[in-house]
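Because the structure is predicted, anything quoted here is derived from the model rather than measured.
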Amino acid sequence: MRVGGLASGMDIDGIVKDLMKAERMPLDKMEQDKTWLTWQRDAYRDVNKQLLELDNLTLDMKLQRTFNSKSTSSSQEDAVTATANASASAGSYNVEVKQLASSAINVSQKGITADGEPFDPNQRLGDAAAHLKNGAGIQFGTEYEFFTYDEDGNEQHHKFQVSEDQSLNDVLKGITTAENGVRAFYDRQADKVVLERTDTGDFNKSDAFLGAEIGFDSTTNSGFFVDVLQIKNGVQQSDGSWTKAEQGGENAQFTYNGALELESFENTYTMNGVTFNFNNVTAGQAKINVTSDIDGSMEKITNFVDKYNGIIGNLNEKVSERKNRDYKPLTEKQREGMEEREIELWEEQAKKGMLSGDAAIRGALSEMRNNWYSTVEGAGAYNQLAQIGITTSPNYRDGGKLLIDEDKLRNALRDDPDSVHQLFGNNGEGAEKGIVRRLEETLDRTVKSIERKAGKSTSLDNNFALGNQLKDINSRMLAFQDRLVQVEDRYWKQFTEMEKAIQKMNSQSTYLMQQFGGGF
């Protein structure tokens with residue numbers, strides 16, 4: 001603690017503070033410069049954020065489906081629906097669904113536990129086997145096997161072992177794998193095991209296992225399924241014949257346009273760019289209508305243009321905005337004496353003109369305007385945007401905003417959507433490059449240019465220009481703060497010496513007064 005003025009009667013602390021205010025002025029200027037650079041860095045990053053949002057939207061504008069999208073309708077929506085891609089031909093399609101695809105399922109022929117004995121599927125089989133019918137026949141450590149079939153009808157072998165420490169649920173979970181393509185579980189109320197394919201369809205093209213999709217071969221120790229779980233390939237009839245115990249495992253069967261009989265493993269089928277989805281059998285033929293979705297295309301194009309107009313409007317405002325030199329960034333000391341609303345209003349003025357006249361942004365705006373004006377060679381019937389009803393605003397204050405003649409654009413999408421797509425997204429070189437692809441390149445160059453100046457949120461300060469300036473100003477501020485400590489110490493030392501001199505003088509004066517007083 002420093003205490004001054006005892007001898008002189010002066011407010012030394014106040015004098016030093018006033019002197020230090022003058023000394024701190026360069027530091028305050030550096031603090032304001034640092035705040036300004038931080039604001040400017042964030043403003044540039046915000047520009048890049050907007051440009052990247054626009055760049056993401058360009059993806060849709062390069063796809064054929066944006067300009068040639070299709071909508072579908074069905075006369076039997078509950079039985080069959082459809083989706084169509086851009087290559088699908090408009091028109092009517094007649095589909096009669098005769099059978100849905102189903103998954104194969106096999107269930108225990110009868111309860112698997114011994115009569116009257118409770119069974120816990122989570123108990124280790126070494127202890128619980130006695131409660132299962134034929135549980136004594138479980139060959140622990142033996143490799144059991146079952147079969148499924150792939151789409152080509154080839155047998156797939158699936159092997160597993162049963163140990164004494166496993167429970168029934170452990171065994172069934174081991175059987176239930178994506179690789180096996182089956183699902184197995186035990187239902188306690190029914191006292192039965194359910195085994196089913198996870199895929200729909202009829203894959204077993206042979207007579208093996210009575211044509212079942214999940215089969216058990218008695219020559220490969222199938223006893224665990226057949227004897228213990230009571231799941232069998234077939235059931236013997238009274239006449240001695242055998243029928244398949246498994247149910248389902250069928251393909252979808254349908255007729256296309258009354259002439260073509262088709263099957264599908266799944267309840268979907270794609271032909272000529274149209275994907276049919278089967279939900280139920282149909283009552284006769286269902287009519288699917290495929291039409292061009294011009295409204296959908298219009299919406300996507302309009303949304304893109306609106307986003308573009310919003311971004312260039314904002315950027316034009318930023319580069320044209322003048323800096324308000326009467327409002328400088330506030331220092332921490334200045335903030336302490338202000339209300340939050342006052343700070344907010346002050347900074348609103350202080351932040352004006354941060355990107356004023358920026359060459360990179362102005363260059364990008366000019367280049368993007370040129371992109372829209374450009375001719376695209378080899379695009380088909382339309383090689384300029386004006387031909388499909390998209391033009392730039394004649395008002396120079398709009399800064400190159402786009403205008404859409406909806407009637408003209410609708411007609412172009414109706415008459416030749418492929419040419420409209422080529423005009424926007426043609427993947428050519430030079431003059432054959434589509435407008436959006438040129439715009440994409442402009443955006444990419446601008447984003448990289450701004451990143452070199454302002455970096456990204458993950459960038460280190462020494463990797464971009466403004467970051468280096470901030471790093472330098474931080475170093476200068478630290479050095480200057482050390483200097484201020486030395487200056488303040490010097491002032492206090494000087495005033496302390498003055499106080500000592502005054503104290504000494506006062507002592508001498510008092511002594512002399514005493515001497516002179518004593519002589520009278």
Side-chain angles (χ1 to χ4, degrees), residues 103-114 117-188 190-236 242-249 265:
S103 300
I105 181 170
N106 204 340
V107 181
S108 302
Q109 296 294 307
K110 50 188 175 181
I112 66 172
T113 61
E117 295 291 342
F119 177 72
D120 181 2
N122 292 312
Q123 186 180 9
R124 65 188 295 272
L125 286 173
D127 300 324
H131 301 304
L132 292 171
K133 293 175 182 176
N134 303 317
I138 299 177
Q139 300 179 35
F140 294 112
T142 298
E143 191 173 68
Y144 291 104
E145 183 176 32
F146 67 97
F147 301 84
T148 58
Y149 297 82
D150 62 19
E151 292 186 358
D152 296 322
N154 299 316
E155 282 188 1
Q156 305 294 310
H157 297 241
H158 308 286
K159 298 180 180 181
F160 65 98
Q161 289 184 339
V162 180
S163 72
E164 294 182 351
D165 292 328
Q166 286 180 302
S167 67
L168 176 62
N169 279 344
D170 290 334
V171 175
L172 298 180
K173 286 178 182 178
I175 294 172
T176 303
T177 66
E179 181 182 357
N180 290 347
V182 299
R183 179 168 50 241
F185 61 92
Y186 169 73
D187 184 81
R188 181 175 292 188
D191 191 28
K192 293 182 179 181
V193 171
V194 176
L195 192 65
E196 56 186 335
R197 285 293 300 263
T198 55
D199 294 323
T200 58
D202 179 10
F203 301 100
N204 188 350
K205 305 302 181 183
S206 69
D207 293 329
F209 313 119
L210 299 174
E213 299 300 315
I214 307 172
F216 319 104
D217 191 337
S218 60
T219 62
T220 54
N221 298 312
S222 66
F224 182 72
F225 288 104
V226 177
D227 298 329
V228 179
L229 302 185
Q230 300 294 314
I231 300 178
K232 304 178 181 180
N233 292 321
V235 179
Q236 190 172 25
W242 289 82
T243 58
K244 184 171 63 174
E246 182 183 87
Q247 298 180 35
F265 290 123

Do the non-hydrogen side-chain atoms of [X] and [Y] ever get within less than 4.5 Å of each other?
X	Y	result
I105	I214	no
D199	F265	no
F209	F146	no
L195	V107	no
F140	Q166	no

Indicate yes or no for a side-chain donor-acceptor contact from [X] to the backbone of [Y] under 3.5 Å, with no hydrogens or angles considered.
X	Y	answer
N134	D227	yes
T200	S103	no
T198	G181	yes
T177	N180	yes

Do other residues, nucleotides or ligands put more than 12 heavy atoms under 6.0 Å from [X] [atom1]?
X	atom1	answer
Q247	CD	no
K173	NZ	no
E179	CD	no

Counterpart residues, side chain to side chain donor-acceptor pair (under 3.5 Å), relative to Q230 (two or more places apart):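 Listed in chain order: nothing, the list is empty.
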
Pairing residues for T148 by the side chain to side chain donor-acceptor pair (under 3.5 Å) criterion, not counting sequence neighbours: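 Once residues adjacent in sequence are excluded, the partners of T148 under the side chain to side chain donor-acceptor pair (under 3.5 Å) criterion are H158.
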
Set of residues satisfying side-chain contact (heavy atoms from CB on, under 4.5 Å) with respect to N106, sequence neighbours excluded: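 Checked N106 against side-chain contact (heavy atoms from CB on, under 4.5 Å); matches are Q109, F216, I231, A245, E246.
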
Under 3.5 Å, is there a donor-acceptor pair between the E213 and N204 side chains?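 Their side chains do not contain a donor-acceptor pair, so the 3.5 Å distance test is not met.
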
Who are the ring pair (Phe, Tyr, Trp, His ring centres under 6.0 Å) partners of F185, not counting sequence neighbours?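 Ring pair (Phe, Tyr, Trp, His ring centres under 6.0 Å) check on F185 returns nothing, list empty.
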
Contacts of D191 that satisfy salt bridge (charged side-chain N to carboxylate O under 4.0 Å, His left out) - sequence neighbours left out: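 So D191 forms no salt bridge (charged side-chain N to carboxylate O under 4.0 Å, His left out) with any residue.
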
Does K205 come within less than 4.0 Å of D152, counting only side-chain N to carboxylate O?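 A salt bridge is absent here (no side-chain N lies under 4.0 Å from a carboxylate O).
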
Should the pair H157 and F147 be assigned to parallel (<30°), tilted (30 to 60°) or perpendicular (>60°) ring geometry?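 It falls in the perpendicular class, over 60°.
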
What salt bridge (charged side-chain N to carboxylate O under 4.0 Å, His left out) pairs are there with at least one residue in residues 163-172, not counting sequence neighbours?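 Salt bridge (charged side-chain N to carboxylate O under 4.0 Å, His left out) check on residues 163-172 returns R124-D165.
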
